[in-house]
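These notes are about the structure you will find just below.
Remember, it's a predicted structure, so these values are computed and weren't measured experimentally. Letters A, B, ... are given to chains in the order of the sequence lines, protein chains preceding strands, and every chain is numbered from 1.
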2 protein chains.
Amino acid sequence: MELQLVSEGRRAGYAARRLAEFAERCRKGGLAVTPQRLAIIRALLASAEHPRADAIYAQVRKEHPHISLATVHRTLETLCEIGEARKVTMLHDSARYDGNVMPHHHVVCVKCRRIRDIEIPELERILDGRSELGEFTLLGSSLEIHAVCDRCNSRRVRGRGKRSRG
Amino acid sequence: MELQLVSEGRRAGYAARRLAEFAERCRKGGLAVTPQRLAIIRALLASAEHPRADAIYAQVRKEHPHISLATVHRTLETLCEIGEARKVTMLHDSARYDGNVMPHHHVVCVKCRRIRDIEIPELERILDGRSELGEFTLLGSSLEIHAVCDRCNSRRVRGRGKRSRG
DNA sequence: TATTGGATGATAATAATTATCATCTGAGCG
DNA sequence: CGCTCAGATGATAATTATTATCATCCAATA
Ligand SMILES: [Mn+2]
Ligand SMILES: [Mn+2]
Ligand SMILES: [Zn+2]
Ligand SMILES: [Zn+2]
């Protein structure tokens, strides 16, 4: 099973390309290209850390000492909405507990956050014979499948069925 | 690629078995078997919803109207520590942003929450030719590999290297 | 350059979780 | 069975992350 860390070189190249096209894509999407937005996407693309809002805030403040933390939150959210960024997990807003401690995976409705268990026997084998990956000692894994549930699909037009913050 | 929802029947059977052995495992682990703990694990195992603390609280209050929400939080945390429960994701405490919007996956250090990108070409094929799963319309997926990073491994004995709440 | 709708900064509000501490109780022991 | 006490709980304050509000600002367009 091939499985490898994305090298810093490839990451940086990708990031540079994305940044170059950012302003253009913003304008096409009807978004104003503000210095704050540029600074935030630049900070995000410059990092391999998958940063929190507060880390982006700290970075951006070096050049825009007056920027508001609220702007950082809002902008990161906007970037996700227009597809310029994503969140590592969509289940970050509150802890979801599971009494099933066997290895298994989850389907998550992107609208209402309903979660159901799934089994993917092949997946358990993904880490087989692999205990190291770069600087990481591997322990286990969990797949989050994104989906829309029936309920949310039917009530699609009206904006209901969601309780999350993000 | 086989991939299927865990049926309610199987889930319930598993839950019943776990519940039956719960008190015994608690005692072995040196944990007191309190009515609150029993009510909380019972509520968790009775649900297929992967509930939040507040949902467990609402359920448990039906039988223990005086229970404290703090106890529910504490107990769920304890259950995770002793391996009687888990969290659906360990990245629930704050949003982690990613400027890489290509399909890819992540290794996460369970101690310091450092995250790095990984690629698993085979994984992109997991949903291939599959657009439905039970009541869910599938969109995409993201694998969270749990690991310990080098930094945390070396400073293992002393209790440093963590900033998360959960 | 004047207009203006969306963007921002300051700050209040909300929501989830954790900390604190006085009180209580499950479990081992006689 | 009642005694003891480390650990558990309830009440509540504190903290942290995020969102809401609103007056002001400014990027984009004409
Ligand atoms: Mn599950
Ligand atoms: Mn990533
Ligand atoms: Zn849904
Ligand atoms: Zn680490």
Fill in: Candidates A/R113, A/R96, A/R116 - the one meeting salt bridge (charged side-chain N to carboxylate O under 4.0 Å, His left out) with B/E49
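With B/E49 as partner, salt bridge (charged side-chain N to carboxylate O under 4.0 Å, His left out) holds for just one option, A/R116.
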Residues in salt bridge (charged side-chain N to carboxylate O under 4.0 Å, His left out) contact with [X], at least two apart in sequence or another chain:
X: A/R86; answer: none
X: B/E81; answer: none
X: A/R114; answer: B/E135
X: B/R37; answer: none

Practice prompt. Give the other cluster members for B/Y14, using side-chain heavy-atom distances under 4.5 Å between Ile, Leu, Val, Met, Phe, Trp and Tyr residues; answer none if it is isolated.
Written response: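 A/V101, A/M102, listed by chain and number.
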Worksheet item: Please walk me through it: do A/E124 and A/H105 pass side-chain hydrogen bond (donor to acceptor under 3.5 Å, both in side chains)?
Response: CA-CA 10 Å; A/E124 304 339 318; A/H105 306 274; 3.3 Å; yes
Worksheet item: In degrees rounded to 10°, what angle is found between the helical axes fit to the five outermost pairs at each end of the helix from C/dT1-D/dA30 to C/dG30-D/dC1?
Response: 40°
Pick one: which of [options] meets side chain to side chain contact (heavy atoms under 4.5 Å, CB included) with [X]?
X: A/I115; options: A/L91, A/V107, A/D98; answer: A/L91
X: A/T75; options: A/T34, A/I40, A/V60; answer: A/I40
X: B/I56; options: B/I41, B/L44, B/I67; answer: B/L44

Discussion item. If you assign each of B/A95 and B/T71 to its closest nucleotide in DNA chain D, which residue comes earlier from the 5' end?
Written reply: B/T71
Worksheet entry | Closest-nucleotide ordering on DNA chain D, the 5'-leading residue of B/R96 and B/V72 |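 Checking each residue's closest nucleotide, the 5'-ward one belongs to B/V72.
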Euclidean distance, atom [atom1] of residue [X] to atom [atom2] of [N] [Å, nearest integer]:
X: B/D93; N: D/dT15; atom1: CG; atom2: P; answer: 18 Å
X: A/I67; N: C/dA7; atom1: CD1; atom2: P; answer: 14 Å
X: B/E77; N: C/dT17; atom1: CD; atom2: P; answer: 10 Å
X: A/E81; N: C/dA7; atom1: CD; atom2: P; answer: 11 Å
X: A/H73; N: C/dT11; atom1: NE2; atom2: P; answer: 17 Å
X: B/L76; N: D/dA8; atom1: CG; atom2: C1'; answer: 15 Å
X: B/R52; N: D/dA17; atom1: CZ; atom2: C1'; answer: 16 Å
X: A/L69; N: C/dT8; atom1: CG; atom2: P; answer: 13 Å

Item to complete: Could you check which residues of residues 55-66 of chain A get a heavy atom under 4.0 Å from DNA chain C? Sort them by number, please.
Response: A/H66
Worksheet entry | Those residues of residues 18-26 of chain A lying under 4.0 Å from DNA chain D by at least one heavy atom |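 Here the set is empty: none.
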Worksheet item: Mind checking what makes side-chain contact (heavy atoms from CB on, under 4.5 Å) contact with B/L38, not counting sequence neighbours?
Response: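 By the side-chain contact (heavy atoms from CB on, under 4.5 Å) rule, B/L38 matches B/F22, B/V33, B/R42.
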Worksheet item: What is the minimum heavy-atom distance between A/S94 and B/R52, and which atoms define it?
Response: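 Minimum heavy-atom contact is OG-NE, 2.8 Å.
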Practice prompt. If a pair satisfies ring pair (Phe, Tyr, Trp, His ring centres under 6.0 Å) and one of its residues is in residues 34-91 of chain A, list it, with sequence neighbours excluded.
Written response: A/H50-B/H106, A/H64-A/H66
Worksheet item: Which side chain to side chain donor-acceptor pair (under 3.5 Å) pairs, counting each pair once, include a residue from residues 22-31 of chain A, with sequence neighbours left out?
Response: A/E21-A/R25, A/R25-A/E84
Worksheet item: Using a cut-off of 4.0 Å between protein heavy atoms and nucleotide atoms, how would you tag nucleotides 20-30 of chain D 5' to 3' with B, S and -?
Response: BB-----SS--
